[in-house]
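In what follows, a structure is listed as structure tokens, so that the remarks can point back to it.
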Amino acid sequence: MALTGRAALLAALGSLPVGLWEPGWTGLLAVNAPLAVACACDFALAAPVRRLGLSRSGDTSVRLGDTADITLTVTNPSRRPLRARIRDAWPPSSWQPGTEVAASRHRLTVPAGERRRITTRLRPTRRGDRRADRVTVRSYGPLGLFARQGTHEIPWTVRVLPPFTSRKHLPSKLARLRELDGRTSVLTRGEGTEFDSLRAYVPGDDTRSIDWRATARQSAVAVRTWRPERDRHILLVLDTGRTSAGRVGDAPRLDASMDAALLLAALASRAGDRVDLLAHDRRLRALVQGRSAGDVLPSLVNAMAILEPELVETDARNLTATALRTAPRRSLIVLFTTLDAAPIEEGLLPVLAQLTQRHTVLLASVADPHLAQMSKARGNADAVYEAAAAAQAQTERDRTAEQLRRHGVTVVEAAPDDLAPALADAYLALKAAGRL
């Protein structure tokens, strides 16, 4: 039970003090006798809180940056109308800073024997699962002098998915894929590509594409067309170790890697390739495999939603062994990790041959644009030292990338906003060259 501010004000103005004590109150409150009677009546007429029926419905998933609406249905089985203030509590990251109070608190009136609905709008600021906390109900009497208060546990979970901001690049990459696939007038030929069809020769065609047997059977010169190989296996490997926790801009490196992985998965599935996902640091964090083309992207998004960087050193040997078990036949393995010298030289390079002798390996790394800004700094001693440090860091990354290339690895390094399209272009180049 709770005394309202209105009742406290009336008590302060009263002229006949009477001692009144209730457990949980902070002290002795002076009230007058008529007010005490009014409070008692108000408390008796307030609808009971414990008997209320509460249930939830609404969104169970939302992309980061979008809003989710959760509906709370309140049923009043008593014979007294419910006049209530309700707090629907969620974790702080469920709202933008400063909006929690307005979004989580509601006023509600429910007549006796009826039900009403209120909606809590969430706008999460982090990926992962957001679980509802307690619902606190404060039921007032008709005079607003006294209130009953209680809490209810009404479970509900909203999964906050990666935003997939790079999907804006998908139409242009699909257009390039259609060109490679022979669906437009631009046709390519590469080692390992598949024969598609015959068509009439036009000036400018490669004479090596002429099919002389087909030409002999008809009056016109026929040329072969090819399309990139289909049904190839793509394994996306996310390094979730400590280096993925480093923030570039406003987000961890892992988030930029996820965004690039989603664009590549969407493109590869449209190209007829099979896409699997592996997330690993010292142990397996997520595994998605065997999904159909229509189901692969939702499965990847759902699996990535709950991934967080782990502040441990990645076990490159264990990661490699897990990747080899996941991809027993020749595949394109796309490894999302750092180009920092120590993790590569001490972790990946000693076991890299196990991957490259069987698979095509592509390494994608998030570059920090701040390094480029630091390298241009001048004007005072501190700025010059910053420029020298940035140049040294970039030189080490370039040297590490060159070491990987000498082992046959294709390296893509770009800023967070540019990594996804750059990785998609590298995939299309490999596909056009028949190297998948």
Side-chain angles (χ1 to χ4, degrees), residues 162-199 202-206 208-209 223-238 256-277 291-298 300-301 330-336 359-367 401 405 408-436:
F164 191 16
T165 55
S166 63
R167 62 182 179 273
K168 63 187 177 184
H169 299 289
L170 188 57
S172 63
K173 305 308 175 187
L174 288 176
R176 174 58 180 157
L177 177 64
R178 285 191 292 271
E179 292 179 356
L180 297 178
D181 208 17
R183 297 176 193 168
T184 66
S185 59
V186 180
L187 296 169
T188 63
R189 180 181 184 179
E191 181 183 354
T193 53
E194 297 175 343
F195 172 74
D196 184 29
S197 60
L198 294 171
R199 63 171 175 82
V202 295
D205 282 338
D206 190 342
R208 293 174 297 179
S209 299
V223 296
R224 305 185 190 95
T225 62
W226 287 264
R227 65 179 182 186
E229 299 154 320
R230 290 175 172 268
D231 198 30
R232 295 301 185 256
H233 181 222
I234 315 295
L235 177 61
L236 308 176
V237 182
L238 288 173
S257 297
M258 288 180 180
D259 196 54
L262 289 174
L263 179 63
L264 179 57
L267 181 62
S269 61
R270 298 284 188 91
D273 293 330
R274 295 172 289 113
V275 181
D276 293 339
L277 170 72
R291 298 296 194 274
S292 63
D295 188 48
V296 64
L297 200 60
L300 295 185
V301 168
R330 182 170 179 79
S331 307
L332 171 63
I333 294 182
V334 184
L335 178 59
F336 296 86
H359 304 290
T360 300
V361 179
L362 193 160
L363 187 143
S365 180
V366 181
R405 292 188 181 99
V409 177
T410 301
V411 178
V412 175
E413 183 186 20
D417 292 340
D418 301 326
L419 181 62
L423 181 61
D425 289 339
Y427 163 78
L428 291 173
L430 290 173
K431 202 168 186 65
R435 293 180 54 193
L436 298 187

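The residues of the chain are indexed from 1 along the displayed sequence.
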Which value, rounded to the nearest 0.5 Å, describes the distance between [X] atom [atom1] and [Y] atom [atom2]?
X: Leu363; Y: Arg405; atom1: CG; atom2: CZ; answer: 10.0 Å
X: Leu362; Y: Leu335; atom1: CG; atom2: CG; answer: 9.5 Å
X: Leu262; Y: Leu267; atom1: CG; atom2: CG; answer: 12.5 Å
X: Asp425; Y: Arg176; atom1: CG; atom2: CZ; answer: 9.0 Å

Which pair of heavy atoms, one from [X] and one from [Y], lies closest together, and at what distance?
X: Leu423; Y: Val412; answer: N-CG1, 4.1 Å
X: Phe336; Y: Ala260; answer: CE2-CB, 4.0 Å
X: Leu174; Y: Arg270; answer: CD1-NH1, 3.0 Å
X: Ser257; Y: Val366; answer: OG-CG2, 3.9 Å
X: Pro162; Y: Val301; answer: CD-O, 3.5 Å
X: Ser269; Y: Ala266; answer: OG-O, 3.0 Å

Legend entry - Side chain Asp273, main chain His233, donor-acceptor under 3.5 Å: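 Not confirmed, Asp273 side chain does not pair with His233 backbone.
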Legend entry - Check: Asp259 side chain, Thr165 main-chain N or O, donor-acceptor pair, under 3.5 Å: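 The answer is yes, because a donor-acceptor pair under 3.5 Å joins these two groups.
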Heavy-atom check, side chain of [X] versus side chain of [Y], under 4.5 Å:
X: Leu263; Y: Phe164; value: yes
X: Leu428; Y: Leu177; value: yes
X: Leu235; Y: Leu332; value: no
X: Leu300; Y: Met258; value: no
X: Val237; Y: Ile333; value: yes

Legend entry - Partner set under salt bridge (Lys or Arg N to Asp or Glu O under 4.0 Å) for Asp417, not counting sequence neighbours: none
Inset, instruction - Determine whether the side chains of Ser331 and Arg274 contain a donor N or O and an acceptor N or O closer than 3.5 Å. - result: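 On atom types as modelled, these side chains do not qualify, holding no pair under 3.5 Å.
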Legend entry - Partner set under side chain to side chain contact (heavy atoms under 4.5 Å, CB included) for Val361, not counting sequence neighbours: Leu355, Thr356, Val409
Legend entry - Worked verdict on Arg291 versus Asp276 for salt bridge (Lys or Arg N to Asp or Glu O under 4.0 Å): CA-CA 8 Å; Arg291 298 296 194 274; Asp276 293 339; over 6 Å; no
Legend entry - Steps toward side chain to side chain contact (heavy atoms under 4.5 Å, CB included) verdict (Val275, Leu236): CA-CA 7 Å; Val275 181; Leu236 308 176; 3.8 Å; yes
